Amino acid sequence: MLRFAVVGNPVSHSKSPLIHSLFARQVGIELQYTREQVSGDRFDDFVQTFFATGGSGLNITVPFKEQAYRLTAVHSERAGQARAVNTLYQDQQQRLCGDNTDGIGLVRDLTVNHRIPIGNRRLLIMGAGGAVRGALGSLAGQAPESITVINRTVEKARVLADEFSALTAIQALSFEDPLDGPFDLVINGTSSGLHGDLPPLSPIAIGPATCCYDMMYGNEPTAFLKWTAQQGAASNLDGLGMLVEQAAESFQLWLQVRPETGSVIQQVRTSLG
Ligand code: ATR
């Protein structure tokens, strides 16, 4: 049987086994997809052994996406921009190949599922860690009017703005800097929600036409989305669709068939309780 897994630490919360088993059932492919929690010093060995013993593909989650990128012999352009991979497989010469489907997952959830355009729009994205680095190339590829990256540690936002400045009009700000009116799309890519915290964003960023998106999700609206709803944003969307869309891209890379995602998003939402 085809073998797949998600590798992370911790990984017990991962919805990837559920998502990929729903995809597999939908397209009539039999596969096994497990969760694998490994320690940092065992990660490289785990990956090598997995493929040496006939494994077909791995998803990589926190905190191993950068480590996995460094292991790859071949990687996609978007993985190179992110310097991180969430998808591993072997090519016909048994070389370890890496891709990063997080950014395209976000773009597909916004533009296809929610019909929110990005082209010619003013984007604000909060955070400057791996999640934002993974998204910027795909967002830039939609030709927004501008991208403003805001981070608590502004130096990290500046590094990202420099790196992506050849692809898009991009600027770095701190949360204290004055903002130039409401944005069209505000994305939370910080990990503040893990602790139930809010990023300290000025309400000026949000107007009645602003779409707000949190890369996090849960069984109730995140702290950020509760706040954006109070500010009167046009829409307040969580990252569950991004999760399912990045999984669909991985599934397609591995198995050359694209699953339908709408029903899977609904089923995963139901499983959150
Ligand atoms: P990830 O891979 O999920 O992006 P990360 O690389 O650790 O995780 O980055 C976490 C991001 O969330 C960072 O941008 C961090 O800001 P700093 O760079 O200043 O540390 C941001 N973050 C975490 N908690 C936050 C909070 N309470 N308020 C604002 N930003 C926060």
Side-chain angles (χ1 to χ4, degrees), residues 6-16 37 40 43 59-70 78-87 98-107 109 123-140 147-164 170-177 179 183 186-206 212-218 221-228 231 238-243 245-247 250:
V6 55
V7 190
N9 194 350
V11 77
S12 57
H13 62 280
S14 173
K15 292 282 172 196
S16 292
Q37 178 162 323
F43 177 78
N59 281 134
I60 308 298
T61 189
V62 177
F64 297 128
K65 290 182 186 183
E66 287 84 6
Q67 195 172 339
Y69 170 70
R70 292 192 293 271
R78 59 197 183 189
Q81 286 165 349
R83 276 193 252 125
V85 301
N86 71 340
T87 308
D99 205 340
N100 191 318
T101 65
D102 289 330
I104 192 67
L106 170 65
V107 165
D109 192 39
L123 273 51
L124 185 160
I125 187 159
M126 293 181 292
V132 171
R133 178 186 291 282
L136 280 176
S138 297
L139 291 170
I147 301 181
T148 299
V149 182
I150 301 195
N151 198 44
R152 198 170 54 177
T153 314
V154 69
E155 292 75 22
K156 284 166 66 181
R158 290 204 188 104
V159 169
L160 281 184
D162 281 350
E163 269 178 51
F164 287 88
I170 184 165
Q171 64 165 342
L173 295 179
S174 74
F175 284 105
E176 292 75 39
D177 286 324
L179 294 179
F183 288 78
V186 172
I187 299 172
N188 182 21
T190 73
S191 55
S192 62
L194 289 179
H195 320 285
D197 291 339
L198 265 182
L201 181 66
S202 162
I204 290 183
I206 309 211
C212 295
Y213 193 97
D214 197 336
M215 291 197 201
M216 300 255 163
Y217 64 89
T222 65
F224 174 66
L225 294 177
K226 282 183 187 151
W227 179 79
T228 59
Q231 305 311 310
D238 77 6
L240 188 67
M242 173 180 176
L243 175 77
E245 293 296 338
Q246 63 78 28
S250 297

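Just so we're clear, the structure is a prediction, and the values are computed from it rather than from any experiment. Atoms within a ligand are numbered from 1 in the order they appear, just like the ligands themselves.
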Kindly determine whether E163 and R83 satisfy salt bridge (Lys or Arg N to Asp or Glu O under 4.0 Å), including the steps that lead there.
CA-CA 12 Å; E163 269 178 51; R83 276 193 252 125; 2.8 Å; yes
The protein heavy atom nearest to atom 17 (P) of ligand 1 is T153 OG1, 3.4 Å
Is there at least one protein heavy-atom neighbour under 4.0 Å from atom 7 (O) of ligand 1?
no
Please check this pair: side chain of N100 against backbone of A84, looking for a donor-acceptor N/O pair closer than 3.5 Å.
yes
Could you tell me whether a side-chain N or O of Q67 sits under 3.5 Å from a main-chain N or O of G40, the two making a donor and an acceptor?
yes
When you compare ligand 1 with G130, is there at least one nitrogen or oxygen pair between them that comes in under 3.5 angstrom?
yes
Looking only at distances, can you tell me whether any N or O atom of T190, backbone or side chain, sits closer than 3.5 Å to an N or O atom of ligand 1?
no
Ignoring hydrogens and geometry, is there a side-chain-to-backbone donor-acceptor pair from D214 to D238 under 3.5 Å?
no
Nearest heavy atom to atom 31 (C) of ligand 1: which of R152, H195, E155 does it belong to?
R152
Considering all heavy atoms of both residues, which atom of Y69 and which atom of A79 are nearest to each other, and what is their separation?
CE1-O, 3.7 Å
With heavy atoms of G127 as the reference, note each atom of ligand 1 found under 4.0 Å away.
14 (O)
Nitrogen or oxygen atoms of A128 and ligand 1 under 3.5 Å apart
yes
Residue and atom name of the nearest protein heavy atom (relative to atom 18 (O) of ligand 1), distance in Å to one decimal:
K156 NZ, 2.7 Å
Would one find an N or O of A131, backbone or side chain, under 3.5 Å from an N or O of ligand 1?
yes
Considering non-hydrogen atoms of the protein only, which is the closest contact for atom 16 (O) of ligand 1, and what is the distance?
N151 OD1, 3.3 Å
N/O donor-acceptor pair under 3.5 Å between R158 side chain and A172 backbone
no
Of all protein heavy atoms, the one nearest atom 10 (C) of ligand 1 is S191 OG, 3.4 Å
Students should be able to answer this: which protein heavy-atom is nearest to atom 9 (O) of ligand 1, and at what distance?
G129 CA, 3.5 Å
Does I104 offer a backbone N or O that forms a donor-acceptor pair with the side chain of S138 under 3.5 Å?
yes
Looking at T190 and G127, would you say the former's side chain and the latter's main chain have a donor-acceptor pair under 3.5 Å?
no
